[in-house]
Amino acid sequence: LRVPTLKALFQRLPNQRYLIELKPQKVTSADVLCETILTHGLQDQVIVGSFHSSVLRYFRKICPLVPTSLGKSEITWLVLLERLHLGHLFKSSGYSIQLPFDYAGIKIVRPSLIQLAHDLNLSVDVWTINDSESMQVLLELGVDGIITDRPDRLETIVSLDKKKVNISGVD
């Protein structure tokens, strides 16, 4: 199995959208990623994320044309402010959030958080959801994306939902 480079993906799939996660805490990979995205002119098709808010702050500084998601500490503040009904005080540096459905037994993704994120013009993606029931619940809650290892299950659910819409539209 050959794993393609990011450059190869960009060349072979230039019309796709990408969510790219910067894993390392060191910023050197951020420099290379920025250059690669801009060289291929895909700044409108890529969102860069990381658990490390410091890496994202650096990336935003060196690569302001490429949108980012929020880092872990930024998401923590957003969730805390939402729970305290002070979400309107949150100032976002990103365009989206990727977060777990729940964390340490606490439900993170709730209708009020999704509404706040949308009010702040943030899209909401939830990871890593592999069971059909959770996928269905999240779609009904209005999340913008589901990160999964089982796209076949998600595709089935989305297809069934489209059929329901089409059937109900026939009346």
Side-chain angles (χ1 to χ4, degrees), residues 1-24 29 33 36-37 40 42-53 55-56 59 66-76 78-80 82-83 87 92 94-171:
L1 177 68
R2 289 184 57 204
V3 177
T5 64
L6 186 58
K7 288 179 185 179
L9 279 176
F10 284 173
Q11 289 168 348
R12 297 217 39 205
L13 303 167
N15 298 319
Q16 294 300 310
R17 300 185 62 78
Y18 298 90
L19 172 59
I20 300 172
E21 183 179 353
L22 282 166
K23 295 270 187 188
S29 58
L33 179 59
T36 303
I37 293 168
H40 289 85
L42 296 178
Q43 59 273 8
D44 295 329
Q45 295 164 237
V46 173
I47 290 183
V48 174
S50 178
F51 282 113
H52 311 291
S53 298
V55 172
L56 287 172
F59 187 84
V66 178
T68 65
S69 63
L70 300 182
K72 185 177 178 181
S73 64
E74 295 166 319
I75 291 171
T76 300
L78 176 65
V79 170
L80 287 173
E82 182 272 323
R83 295 284 167 105
S92 177
Y95 291 83
S96 68
I97 56 175
Q98 289 85 41
L99 64 168
F101 197 2
D102 53 41
Y103 182 74
I106 299 170
K107 191 172 182 182
I108 303 294
V109 179
R110 305 175 336 151
S112 56
L113 181 66
I114 295 168
Q115 184 61 53
L116 172 61
H118 288 165
D119 290 347
L120 295 170
N121 204 27
L122 292 166
S123 63
V124 179
D125 304 318
V126 183
W127 50 263
T128 300
I129 307 300
N130 292 324
D131 67 282
S132 300
E133 292 166 16
S134 295
M135 290 174 181
Q136 185 66 47
V137 167
L138 288 166
L139 290 171
E140 290 170 5
L141 286 174
V143 301
D144 301 290
I146 295 174
I147 299 167
T148 182
D149 297 323
R150 295 301 310 262
D152 57 323
R153 290 180 184 167
L154 182 58
E155 185 177 48
T156 298
I157 291 168
V158 170
S159 295
L160 290 173
D161 282 349
K162 284 182 183 177
K163 288 180 183 176
K164 287 178 192 174
V165 170
N166 290 338
I167 291 169
S168 65
V170 173
D171 291 344

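The basis for the numbers below is simple: all heavy atoms, side chains too, and nothing from hydrogens, waters or symmetry mates.
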Counting distance only, does the side-chain N/O of [X] pair as donor-acceptor with the main-chain N or O of [Y] below 3.5 Å?
X: Asp125; Y: Gly145; answer: yes
X: Tyr18; Y: Leu9; answer: yes
X: Arg153; Y: Asn130; answer: yes
X: Gln45; Y: Gln16; answer: yes
X: Thr148; Y: Ile129; answer: yes

Test item: [X] and [Y] side chains (from C-beta on) under 4.5 Å apart, heavy atoms:
X: Leu122; Y: Leu78; answer: yes
X: His40; Y: Val46; answer: no
X: Leu141; Y: Val126; answer: no
X: Arg110; Y: Glu82; answer: yes

To the nearest 0.5 Å, how far apart are [atom1] in [X] and [atom2] in [Y]?
X: Phe51; Y: Leu56; atom1: CZ; atom2: CG; value: 11.0 Å
X: Asp144; Y: Leu138; atom1: CG; atom2: CG; value: 11.0 Å
X: Asp152; Y: Ile157; atom1: CG; atom2: CD1; value: 10.0 Å
X: Leu80; Y: Ile75; atom1: CG; atom2: CD1; value: 12.0 Å
X: Ser69; Y: Ile20; atom1: OG; atom2: CD1; value: 11.5 Å

Taking all non-hydrogen atoms of both residues, which atom of [X] and which atom of [Y] are closest, and how far apart?
X: Leu70; Y: Gly94; result: CD2-N, 3.5 Å
X: Val48; Y: Leu22; result: CG1-CD1, 3.7 Å
X: Lys7; Y: Thr36; result: CG-CG2, 3.9 Å
X: Ile47; Y: Ser96; result: CG2-OG, 3.7 Å
X: Ala117; Y: Ile97; result: CB-CD1, 4.2 Å
X: Ile146; Y: Met135; result: CD1-O, 3.7 Å

Using a 6.0 Å cut-off, check whether atom [atom1] of [X] has over 12 heavy atoms from anything other than its own residue.
X: Glu133; atom1: CD; value: no
X: Glu21; atom1: CD; value: yes
X: Asn121; atom1: CG; value: no

Chi angles and distances behind the side-chain contact (heavy atoms from CB on, under 4.5 Å) call for Val124, Leu99 = CA-CA 8 Å; Val124 179; Leu99 64 168; 4.0 Å; yes
Name all residues meeting the ring pair (Phe, Tyr, Trp, His ring centres under 6.0 Å) criterion together with Tyr95; count only those two or more places apart in sequence or in a different chain, and write none if there are none.
-> none
Any pair counted as ring pair (Phe, Tyr, Trp, His ring centres under 6.0 Å), so long as it reaches residues 96-124, sequence neighbours left out = none
